[in-house]
Amino acid sequence: MERLQKIIANSGYCSRRKAEELIEKGKVSVNGEIITDLGTKANNSDTIIVDGNKIETQNKEYILLYKPRGIVTTTKDDKGRKTVMDLIETKNRLYPVGRLDYDTSGLLLLTNDGELTNLLIHPKNEIQKLYIAKIDEAVNPQTIKKLLSGVIIDGQKTKADRVKIKKLDRRKNKTIIEIVIHEGKYHQVKRMFEQIGYHVESLKREKFAFLDLKGLNSGEYRHLTTKEVKILYSLAK
Ligand code: URA
């Protein structure tokens with residue numbers, strides 16, 4: 001048995017706070033009975049309706065996928081392209097935690113735990129993501145430092161938490177840069193580099209919080225352990 005607001009938030013319908021508001025407003029019923037008491041508990045076999053929508057309660061599943069390039073991070077694609085869901089076998093309805101671009105590879109989490117998803121993608125929780133960006137130019141190390149003091153994206157100052165040049169090959173005109181960010185704005189890393197005059201040729205996410213891609217080849221996935229899920233919750237709260 002779990003508190004109603006937690007079950008609603010876990011389903012991904014809305015945040016726990018919003019669920020509490022909806023309960024207090026009399027918008028939630030359990031097995032046909034309107035509930036307004038925030039202490040009410042229910043379980044997965046109860047029928048929970050919020051504002052006319054049935055809440056799907058499934059067992060929680062957490063997947064860590066090594067997304068290849070050339071795959072879209074959606075559950076369905078209008079253009080019929082391969083999606084991350086095509087790489088995963090599951091009976092559950094999973095959703096990606098944030099997104100990676102079609103041409104970005106690397107670590108992507110997928111889950112049906114809406115509460116954890118909301119916590120992980122909220123910028124205030126500052127979950128760090130580490131990317132490796134390849135640039136077909138020999139970059140100026142001073143210019144790269146501007147990413148630490150911040151560039152303007154979507155009208156907001158956006159800073160990298162860490163930037164490190166891993167390899168700078170002046171002869172071949174190539175640079176490999178490690179960059180850590182904690183927000184998830186659309187095309188964030190590519191746009192941050194554009195702001196300082198560099199085009200990202202390829203991008204890979206190597207870490208999401210403490211999780212990495214060890215033991216996985218491109219296109220492979222594994223389930224998170226209970227301990228890993230617990231740590232993600234503790235980092236985000
Ligand atoms: N930043 C980007 O520009 N693209 C991604 O896929 C992820 C972060």
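These numbers were taken from a predicted model, which means no experiment stands behind them. In each ligand, atom 1 is the first atom listed, and ligand 1 is the first ligand listed.
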Please set out all donor-acceptor pairs under 3.5 angstrom arising from side-chain atoms of residues 137-151, sequence neighbours excluded.
residue: N140; atom: OD1; partner: Q142; partner atom: N; Å: 2.8
residue: S149; atom: OG; partner: K146; partner atom: O; Å: 3.2

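- With salt bridges taken as basic N to acidic carboxylate O contacts below 4.0 Å, one links R99 and D101.
- In this structure a side-chain-to-backbone donor-acceptor pair under 3.5 Å is present from Y221 to E89.
- Using a heavy-atom distance under 4.0 Å as the criterion, the protein contacts of ligand 1 are L100, D101, T104, Y131, H187, Q188, V189, K190, L203.
- In this structure, Y62 belongs to a hydrophobic cluster whose other members, linked by side-chain heavy atoms under 4.5 Å apart, are L64, Y66, V97, L107, L109, L116, L119, L120, I121, I127, F208, F210, L211, L213, L216, L224, V229, I231, L232, Y233, L235.
- A salt bridge does not link R17 to E20: none of the charged nitrogens lies less than 4.0 Å from a carboxylate oxygen.
- Through side-chain heavy atoms spaced under 4.5 Å, either directly or across other Ile, Leu, Val, Met, Phe, Trp or Tyr residues, V72 is tied to Y102.
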